Amino acid sequence: MKKVAVIGAGISGLFIANLFKRNEKYQVTIFERNSLIDLKEGYGIQLSVNSIKLLNKIQFDKLENNKKFNPDKINFYSVKNSNKICELNISDFNTESCKYTTLKRSSLIDFLKKDLEKEIKFNHTISTIEQQDQIVKIAFENNEAYEFDYLIISDGVFSKSKNLLSKNQIQPKFNDTLAIRGIIPSSLNISDKKTSHCF
Ligand SMILES: Cc1cc2nc3c(=O)[nH]c(=O)nc-3n(C[C@H](O)[C@H](O)[C@H](O)COP(=O)(O)OP(=O)(O)OC[C@H]3O[C@@H](n4cnc5c(N)ncnc54)[C@H](O)[C@@H]3O)c2cc1C
C-alpha cells in the first residue's frame with residue numbers, strides 16, 4: 001500500500017484525500033496547520049458543472065437535496081442603483097447528472113471531511129521536505145517527522161510549502177480587481193428563487 005501525504009485540509013486537499021481514501025492501494029494522511037476545520041456558516045460557494053462532475057466521483061450527488069440548490073441563471077445588477085445589467089443562463093451548461101450548484105461553504109466542507117476524521121492530523125505546519133530515492137521525508141514545526149511515497153501540496157493560494165520545493169520563490173500575482181461576497185437584504189424583494197444575483 002502506497003502512503004500519500006496531503007498538506008492542507010482545504011477544499012482541494014479534502015477532495016483529493018477522498019479520492020485516495022476510496023482506493024485500497026493508498027493510505028492517505030492529511031496534515032493541517034489549524035487545530036480544527038472551521039464550519040462556521042456565513043457565506044456560500046458556487047460550483048461549476050466541471051467541479052460537480054469531479055465531486056460526484058466521491059458521491060456528492062448523494063448529498064441531501066435540501067443542502068444544495070441549482071439556480072438556472074445569474075443576474076448582474078448595478079451596485080449604484082440596483083438596476084439589472086445582464087443575465088447569464090448558467091443552466092445551459094448543465095447535464096442530467098452535473099448541474100451548476102450553490103450551497104453553504106460549510107455544507108461542502110462538512111461533506112468533504114465526513115469520511116476523513118481519522119486521516120486528518122491537526123496542528124501540523126510543514127517545515128521541511130526532503131526527497132531521498134523514492135521516499136519523501138516531511139518534518140513539521142512540532143518536531144514530528146514522517147515518510148511517504150507521494151506528497152500533495154494543497155495549502156492554498158498563499159502556499160509556503162511550494163517554496164520549500166521550488167528553487168524560485170512562488171508568489172501570487174494580483175491584478176487589482178476585488179470580489180466582495182455579501183448577503184442581499186430581503187427588502188430588495190428579489191423573488192426569483194431559481195436565480196443567483198450579483199451586484
Ligand atoms: C470570498 C471568496 C469567495 C469564493 N467563492 C468561490 C465560489 O463561489 N466558487 C469557487 O469555486 N471558488 C470560490 N472561491 C475560491 C475557493 O474558495 C478557493 O479556490 C478554495 O477554497 C481553495 O481551496 P484550497 O484547498 O486550495 O485552499 P484553502 O481553502 O486555502 O486551504 C488550504 C489549507 O491549507 C492549510 N495550510 C496552509 N498552510 C499550511 C502549512 N504550511 N501546513 C499545513 N497546512 C497548511 C490552511 O490552514 C487551509 O486549511 C472563493 C474564494 C473567496 C476568498
Side-chain angles (χ1 to χ4, degrees), residues 4-20 28-56 58 60 63 67-71 73-76 88 90 93 98-113 116-117 119-130 136-146 148 151-166 169-184 195-199:
V4 182
V6 175
I7 307 297
I11 291 172
S12 317
L14 292 173
F15 171 70
I16 194 105
N18 268 285
L19 287 180
F20 281 114
V28 66
T29 308
I30 307 157
F31 295 98
E32 167 56 48
R33 72 173 169 196
N34 290 334
S35 56
L36 51 79
I37 293 180
D38 189 357
L39 284 180
K40 75 170 175 292
E41 294 190 4
Y43 58 111
I45 187 158
Q46 314 255 335
L47 297 173
S48 67
V49 173
N50 262 346
S51 61
I52 296 298
K53 194 172 159 191
L54 292 172
L55 282 166
N56 283 351
I58 57 167
F60 184 75
L63 183 72
K67 290 197 175 157
K68 53 191 177 184
F69 180 63
N70 305 121
K73 59 181 183 178
I74 302 178
N75 282 341
F76 293 86
L88 185 62
I90 39 175
F93 307 104
C98 302
K99 295 188 169 66
Y100 186 94
T101 301
T102 89
L103 74 166
K104 286 181 185 169
R105 188 172 278 254
S106 56
S107 301
L108 175 63
I109 293 171
D110 198 30
F111 163 79
L112 289 170
K113 81 173 184 61
L116 297 170
E117 300 287 339
E119 284 76 11
I120 304 175
K121 285 183 183 286
F122 291 103
N123 298 310
H124 280 71
T125 303
I126 196 164
S127 60
T128 61
I129 303 169
E130 273 176 52
V136 186
K137 296 182 174 188
I138 312 170
F140 292 86
E141 286 180 3
N142 61 9
N143 293 328
E144 289 180 21
Y146 301 87
F148 289 90
L151 169 66
I152 291 166
I153 294 180
S154 49
D155 58 351
V157 69
F158 299 110
S159 171
K160 294 211 171 79
S161 313
K162 285 179 200 135
N163 288 336
L164 296 174
L165 280 179
S166 166
Q169 290 288 302
I170 299 169
Q171 295 292 341
K173 280 188 186 160
F174 296 94
N175 64 0
D176 291 335
T177 54
L178 179 67
I180 300 173
R181 172 160 270 162
I183 296 169
I184 302 171
T195 305
S196 273
H197 303 279
C198 293
F199 287 81

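Computed from a predicted structure; not experimentally measured. Every heavy atom of this structure was used, including side-chain atoms; hydrogens, water molecules and symmetry mates were not. Numbering of ligands and ligand atoms starts at 1, following listing order.
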Show which atoms of ligand 1 fall inside a sub-4.0 Å distance from at least one heavy-atom site of [X].
{"X": "Q46", "value": "7 (C), 8 (O), 9 (N), 10 (C), 11 (O)"}
{"X": "S154", "value": "32 (C), 34 (O)"}
{"X": "R105", "value": "3 (C), 4 (C), 5 (N), 6 (C), 13 (C), 14 (N), 16 (C), 17 (O), 21 (O), 50 (C), 51 (C)"}
{"X": "H124", "value": "42 (N), 43 (C)"}
{"X": "I126", "value": "41 (N), 42 (N)"}
{"X": "G156", "value": "27 (O), 30 (O), 32 (C)"}
{"X": "F31", "value": "43 (C), 44 (N)"}

Among all protein heavy atoms, pick out the one at the shortest distance from [atom]; state its residue, atom name and that distance to 0.1 Å.
{"atom": "atom 44 (N) of ligand 1", "value": "R33 N, 3.2 Å"}
{"atom": "atom 20 (C) of ligand 1", "value": "I11 CD1, 4.4 Å"}
{"atom": "atom 35 (C) of ligand 1", "value": "E32 OE1, 3.3 Å"}
{"atom": "atom 34 (O) of ligand 1", "value": "G8 CA, 3.2 Å"}
{"atom": "atom 31 (O) of ligand 1", "value": "G10 CA, 3.3 Å"}
{"atom": "atom 7 (C) of ligand 1", "value": "I45 CG1, 3.4 Å"}
{"atom": "atom 24 (P) of ligand 1", "value": "S12 OG, 3.2 Å"}
{"atom": "atom 36 (N) of ligand 1", "value": "D155 CB, 3.7 Å"}

[atom] protein-contacted, heavy-atom criterion under 4.0 angstrom:
{"atom": "atom 9 (N) of ligand 1", "value": "yes"}
{"atom": "atom 46 (C) of ligand 1", "value": "yes"}
{"atom": "atom 13 (C) of ligand 1", "value": "yes"}
{"atom": "atom 4 (C) of ligand 1", "value": "yes"}

Can you check whether [Y]'s main-chain N or O pairs, donor with acceptor, with [X]'s side chain at less than 3.5 Å?
{"X": "S154", "Y": "I7", "value": "yes"}
{"X": "K68", "Y": "L63", "value": "yes"}
{"X": "N18", "Y": "I58", "value": "no"}
{"X": "T101", "Y": "L47", "value": "no"}
{"X": "S161", "Y": "S159", "value": "no"}

Would you say [X] has any N or O atom under 3.5 Å from an N or O of ligand 1, going by distance alone?
{"X": "G44", "answer": "no"}
{"X": "K160", "answer": "no"}
{"X": "T125", "answer": "no"}

- Message: Heavy-atom pairs closer than 4.0 Å: do any link ligand 1 to the side chain of I7, the backbone, both, or neither?
- Response: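 Side chain only.
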- Task: Determine, using ring centers only, whether F60 and F111 are less than 6.0 Å apart.
- Result: yes
- Task: May I have the step-by-step check of side chain to side chain donor-acceptor pair (under 3.5 Å) for T177 and N175, ending in yes or no?
- Result: CA-CA 6 Å; T177 54; N175 64 0; 2.7 Å; yes
